[in-house]
There are 2 protein chains.
Amino acid sequence: MRSKNRASGKQERTFIEEARRAQLVECAIEAIAELGLHRASLAEIARRAGITKQAIFYHFATRDALIHEVLAVVTRQGAEFMAERSRRQPTPADELRAYIEANVEYIGSHRDRVRALVSIAMNFTDEDGRSRLLPLDASVYGDSLAPLQDILRRGQEQGQFGEFTPRTMAMTIRAAIDAIGPQLSALPELDLDGYARDLVQLFGRATANDERA
Amino acid sequence: MRSKNRASGKQERTFIEEARRAQLVECAIEAIAELGLHRASLAEIARRAGITKQAIFYHFATRDALIHEVLAVVTRQGAEFMAERSRRQPTPADELRAYIEANVEYIGSHRDRVRALVSIAMNFTDEDGRSRLLPLDASVYGDSLAPLQDILRRGQEQGQFGEFTPRTMAMTIRAAIDAIGPQLSALPELDLDGYARDLVQLFGRATANDERA
DNA sequence: CTATTTTTTGACCGCACGGTAAAAACGTAG
DNA sequence: CTACGTTTTTACCGTGCGGTCAAAAAATAG
């Protein structure tokens with residue numbers, strides 16, 4: 001019984017249910033990446049899954065629930081990817097380089113997911129204009145910025161980095177990275193490796209300590 | 001007769017019509033900035049103008065026409081603002097500083113317009129996902145970047161700037177500036193003057209010629 | 001084979017959207 | 001006051017949306 005699952009809170013999901021949920025999430029990602037959030041209707045997502053719209057409601061209570069699941073899946077997978085790539089680096093400058101390279105690589109190899117994420121972040125709003133993503137807003141302007149700011153501060157304390165406002169530097173680095181997504185849509189042949197190299201050089205100079213011997 | 005105006009192409013618009021059009025554009029800007037493009041329905045815009053939805057069709061053929069007019073008005077006013085502020089500067093480095101400062105100032109003093117512009121740029125799409133803003137896309141990834149790249153190239157030729165890829169540097173500068181909008185929404189108390197100073201310093205270092213005597 | 005549970009569908013609903021047509025209100029010149 | 005052109009409203013359409021409900025179809029268990 002489903003009601004038993006719900007009541008007990010346990011996720012005794014069937015094999016089929018798990019598979020369908022995963023499939024629907026994937027189809028939602030593709031639809032959102034391709035059409036934007038507000039055009040990715042349940043009918044459209046269902047069509048891509050080879051299912052009727054009404055069947056979605058068996059697996060997800062509302063459309064919002066499906067979108068939230070998309071968010072959860074994408075952010076979790078993104079975190080896993082970044083965790084894999086960010087082996088310990090000897091110095092803050094190396095950490096910064098690794099951070100930029102890993103981010104650019106992720107964006108390049110997961111364009112659909114990034115596109116979908118951006119579309120959701122920008123358009124998943126309440127009846128008023130307020131974002132329904134306080135957790136994500138916090139993650140974008142907090143969690144996601146925090147590790148960067150941490151690297152920058154440590155670099156300054158150790159004298160490897162010069163004087164600057166860590167928050168502004170962190171925001172600028174993230175902005176430069178996040179700008180890649182839209183650019184890829186406009187000009188798909190963009191040389192990502194070269195771009196990453198440019199960014200590493202750019203922010204290497206911007207963070208460098210001028211007063212070095 | 002209206003048809004006469006249309007047929008001749010002449011804009012013999014009444015005083016009232018001109019005023020209504022301007023009012024509707026302003027209301028549309030506010031609605032889009034507040035609710036996002038897809039929630040800014042004709043009914044909502046009409047409500048803000050104290051008019052019925054159907055009256056809009058007398059002044060604008062379709063909703064798209066109204067949105068396009070919003071775009072035209074905002075971009076034109078923005079260009080006027082920037083033209084005013086960008087007095088000739090003696091060196092490329094000064095030009096770059098002036099460019100950053102003028103942009104940040106504009107964003108700070110026209111938040112609604114910037115928000116609306118961003119929402120339109122991100123969501124004004126065709127039935128497929130393709131942007132309906134080739135002119136704006138060109139302006140965002142071309143026209144708007146071109147003067148920046150121009151400054152950067154001249155600085156390199158004159159030896160005031162060091163070695164870097166002008167396109168990447170220009171993209172990063174624009175990304176840093178454009179990131180202000182979303183940040184303002186999240187934390188409205190942001191110190192814009194300080195932010196502008198930080199950016200000027202940051203990109204001053206990033207563009208500097210290391211091999212200077 | 002049958003009974004039961006899980007999964008999917010078909011038929012709807014109410015709603016808000018962009019858009020249309022015709023009539024009413026308004027302003028103004030003769 | 002009247003006639004005429006301008007502006008706005010009232011009354012509608014058709015469409016697609018998210019969502020509900022009961023019945024049908026697939027699985028699964030006995």
Side-chain angles (χ1 to χ4, degrees), chain A residues 1-7 10-24 27-28 31-32 35-70 120 123-128 132, chain B residues 1-8 10-24 27-28 31-32 35-70 123-128 132:
Chain A
M1 261 194 275
R2 282 186 67 76
S3 55
K4 197 185 280 181
N5 291 354
R6 294 278 170 78
K10 285 241 178 185
Q11 306 164 354
E12 304 172 17
R13 284 193 183 120
T14 313
F15 190 79
I16 287 183
E17 168 127 34
E18 211 59 71
R20 267 269 186 263
R21 283 177 63 95
Q23 182 204 21
L24 286 171
C27 291
I32 295 168
L35 307 172
L37 180 65
H38 79 284
R39 295 232 189 222
S41 66
L42 292 179
E44 172 65 25
I45 294 169
R47 194 184 60 75
R48 288 166 187 256
I51 243 178
T52 55
K53 172 187 73 168
Q54 297 82 347
I56 296 181
F57 287 101
Y58 178 76
H59 301 282
F60 296 93
T62 64
R63 191 183 109 111
D64 280 13
L66 172 55
I67 304 299
H68 270 115
E69 183 68 14
V70 167
I120 292 173
N123 298 329
F124 201 41
T125 57
D126 221 320
E127 293 129 25
D128 323 328
R132 221 179 284 172
Chain B
M1 261 197 276
R2 283 185 65 75
S3 55
K4 197 184 280 182
N5 292 353
R6 294 281 170 78
S8 67
K10 286 240 180 186
Q11 306 163 353
E12 304 173 17
R13 284 193 182 120
T14 314
F15 190 79
I16 288 184
E17 168 127 34
E18 211 59 71
R20 266 272 185 259
R21 283 177 65 94
Q23 182 204 20
L24 286 171
C27 290
I32 295 168
L35 307 172
L37 179 64
H38 79 284
R39 293 231 189 227
S41 64
L42 293 179
E44 172 65 25
I45 293 168
R47 194 184 60 75
R48 288 166 187 257
I51 242 179
T52 56
K53 172 187 74 168
Q54 294 80 350
I56 296 181
F57 288 102
Y58 179 75
H59 301 282
F60 295 93
T62 65
R63 190 180 109 111
D64 280 12
L66 172 55
I67 304 299
H68 270 114
E69 183 68 15
V70 167
N123 296 51
F124 200 42
T125 57
D126 223 318
E127 293 129 25
D128 323 328
R132 220 178 287 172

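We name chains A, B, ... by the order of the sequence lines, and we start the count at 1 in each one.
Taking 4.0 angstrom as the limit, B:Arg20 places a side-chain polar atom (N or O) nearer than this to OP1 or OP2 of D:dT8. Applying the 4.0 Å criterion to OP1 and OP2 of C:dT8, one finds that A:Thr52 has every side-chain N and O outside that range. Within the 4.0 Å cut-off from OP1 or OP2 of C:dT8, not a single side-chain nitrogen or oxygen of A:Tyr58 is found.
What separates CD1 of A:Ile45 from P of D:dG19 is a distance of 11 Å, to the nearest Å.
Scanning both residues, A:Ile51 and A:Ala55, for their nearest heavy atoms gives CG2-CB, 3.9 Å. Nearest heavy-atom pair across B:Leu24 and B:Ile45 is O-CG2, 4.0 Å. Closest approach of B:His38 to A:Asn123, counting heavy atoms only: CE1-O, 4.1 Å.
When distances run from any side-chain atom of A:Arg63 to the nucleotides C:dC17, D:dG18, C:dG19, the shortest one goes to D:dG18. Taking every side-chain heavy atom of B:Ser41 into account, C:dG18 is the closest of C:dG18, D:dC17, D:dT20. Considering only the side chain of A:Gln54, C:dT9 comes nearest among D:dT9, C:dT9, D:dC17. Distance from the side chain of B:His59 is smallest to D:dT8 among D:dT10, D:dT8, D:dG18. Residue A:Ala43 has its side chain nearest to D:dC17 when only C:dG19, C:dT9, D:dC17 are considered.
Under 4.0 Å is where a charged nitrogen must lie from a carboxylate oxygen, and between B:Arg21 and B:Glu69 at least one such pair does.
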